[in-house]
Peer 1: 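Sharing a structure, written as structure tokens. Questions coming.
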Amino acid sequence: MEQTTARLRKTFQYPTDNDSEDSSPGALDEEEQENLIRTLEQENTTRNKQFATALLALPLLSIIPYITTLVNGQTTLLSILSITSLLSTACLLYILPPGQTGISYLDALNNSPSKDKPIPRHFSQNLSHEDGPIKQYLPYLNLGLCCVLVLLGMVVGRKTELWWGFGWLPAGVYTVVLLAKWLMGSVDPEGELGGLRYGFKGA
């Protein structure tokens, strides 16, 4: 982290305690800084979209094992609920921005005002009620459904033989997706580099 900060300071010629006031002859001007930040932001957005699209395969492929258990009367309900959860995970991956989980607590961690950077523009959007009910409530409903499936898997597993991970696979997939989206949201070139830029201009 310290090495990354040092590189950013060097790129933007952000003054340190050991720098003199006239020791930044190679500093980028404001237009060059804006162009660099815009380029990095676009590259990051493109990578996030590509990764989110590839990640769609995880919940969709995880549906296949449950198709074979639909015909078993003892596992029909559990299979339907598991497929519903996995489809919900895939839906959230598709409709939500790559760096947004839909879980307010997780999204707030990436947009904490305590961080030494400007608050991203999408922070206020995450907390607004302008989104439809699917974006607002489906993340929490899917989270609850995953917990129910884990419990039902334990109960049904005592009565009939289930393949390993039957009850917790949707929860595991959703956890991986949430973690991936949270990590994508934690990378904010505009916020990090913008903070150095604004700090330099105000120095």
Side-chain angles (χ1 to χ4, degrees), residues 37-67 69-70 76-115 117-153 165-192 194-195:
I37 292 175
R38 190 179 302 111
T39 299
L40 293 176
E41 183 72 18
Q42 291 174 350
E43 291 177 352
N44 182 64
T45 300
T46 300
R47 285 194 300 267
N48 285 346
K49 288 182 178 180
Q50 293 173 345
F51 182 68
T53 301
L55 199 60
L56 272 172
L58 180 59
L60 295 179
L61 291 177
S62 299
I63 293 175
I64 297 176
Y66 294 102
I67 297 178
T69 58
L70 284 171
T76 298
L77 177 60
L78 192 57
S79 299
I80 292 175
L81 292 177
S82 298
I83 292 174
T84 300
S85 175
L86 291 168
L87 287 176
S88 298
T89 300
C91 177
L92 291 171
L93 260 174
Y94 182 76
I95 65 176
L96 290 177
Q100 183 176 338
T101 65
I103 306 295
S104 58
Y105 175 76
L106 294 178
D107 292 332
L109 289 178
N110 281 335
N111 301 287
S112 174
S114 62
K115 291 184 178 180
K117 64 180 181 179
I119 300 177
R121 291 188 297 270
H122 57 78
F123 176 59
S124 58
Q125 297 174 0
N126 292 345
L127 302 180
S128 70
H129 297 282
E130 298 178 357
D131 293 331
I134 293 181
K135 291 183 179 181
Q136 288 187 43
Y137 302 117
L138 186 57
Y140 299 98
L141 292 175
N142 193 29
L143 190 62
L145 180 56
C146 288
C147 296
V148 171
L149 287 171
V150 172
L151 296 176
L152 286 179
F166 191 100
W168 60 261
L169 180 59
V173 171
Y174 193 38
T175 300
V176 171
V177 169
L178 288 178
L179 179 60
K181 291 174 73 66
W182 180 79
L183 289 175
M184 285 188 284
S186 66
V187 179
D188 183 17
E190 181 179 5
E192 297 292 343

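For the single chain, residues carry numbers from 1 onward in sequence order. On a predicted model such as this, the values are computed, not experimentally measured, just so you know.
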Peer 1: Kindly give the heavy-atom pair with the smallest separation between Leu78 and Gly153, and that separation in Å.
Peer 2: CD2-CA, 4.0 Å
Peer 1: Between atom CG of Leu138 and atom CD1 of Ile95, what is the distance when rounded to the nearest 0.5 Å?
Peer 2: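 If we round to the nearest 0.5 Å, Leu138:CG and Ile95:CD1 are 6.5 Å apart.
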Peer 1: Is there a side-chain contact between Thr101 and Leu96 (heavy atoms, below 4.5 Å)?
Peer 2: no
Peer 1: I want to check something: taking the side chain as every heavy atom from C-beta on, are Trp182 and Ile103 in contact at a cut-off of under 4.5 Å?
Peer 2: no
Peer 1: In Å, rounded to the nearest 0.5 Å, how long is the span from CG of Leu152 to SG of Cys147?
Peer 2: 11.5 Å
Peer 1: If we ignore hydrogens and angles and just use 3.5 Å, is the side chain of Asp107 paired with the main-chain N or O of Gly102 as donor and acceptor?
Peer 2: yes
Peer 1: Is any side-chain heavy atom of Leu145 closer than 4.5 Å to one of Leu141?
Peer 2: no
Peer 1: Could you state the interatomic distance from CD1 (Ile134) to OG (Ser88), rounded to the nearest 0.5 Å?
Peer 2: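 So the gap between those two atoms works out to 9.5 Å.
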Peer 1: Could you walk me through whether Thr84 and Asn142 satisfy the side-chain contact (heavy atoms from CB on, under 4.5 Å) test, starting with their C-alpha distance in whole Å, then the side-chain angles of each, then the deciding distance to 0.1 Å, before giving a yes or no?
Peer 2: CA-CA 9 Å; Thr84 300; Asn142 193 29; over 6 Å; no
Peer 1: Do you know the tightest heavy-atom contact between Met184 and Pro98?
Peer 2: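 Minimum heavy-atom separation between Met184 and Pro98: CE-O, 3.2 Å.
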Peer 1: Would you say Ser62's side chain and Leu58's backbone share a donor-acceptor pair under 3.5 angstrom?
Peer 2: yes
Peer 1: Using distance alone, with no hydrogens and no angle criterion, decide if Thr89 and Tyr94 have a side-chain donor and acceptor under 3.5 Å apart.
Peer 2: no
Peer 1: Would a 4.5 Å heavy-atom cut-off, applied to side chains only, mark Ser79 and Phe166 as touching?
Peer 2: yes
Peer 1: Show the numbers, then the answer: is there a side-chain contact (heavy atoms from CB on, under 4.5 Å) between Tyr66 and Ile80?
Peer 2: CA-CA 8 Å; Tyr66 294 102; Ile80 292 175; over 6 Å; no
Peer 1: Which side-chain N or O atoms in residues 168-179 pair as donor and acceptor under 3.5 Å with protein atoms at least two apart or in another chain?
Peer 2:
from   : atom 1 : to     : atom 2 : distance (Å)
Tyr174 : OH     : Pro139 : O      : 3.2
Thr175 : OG1    : Ala171 : O      : 2.7

Peer 1: Do Leu93 and Lys181 come close enough that some side-chain heavy atom pair is under 4.5 Å?
Peer 2: yes
Peer 1: Calculate, to the nearest 0.5 Å, the distance between atoms CG and CZ belonging to Leu55 and Phe51 respectively.
Peer 2: 5.0 Å
Peer 1: Answer whether the closest heavy-atom distance between the side chains of Pro59 and Leu87 falls below 4.5 Å.
Peer 2: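 Not in contact.
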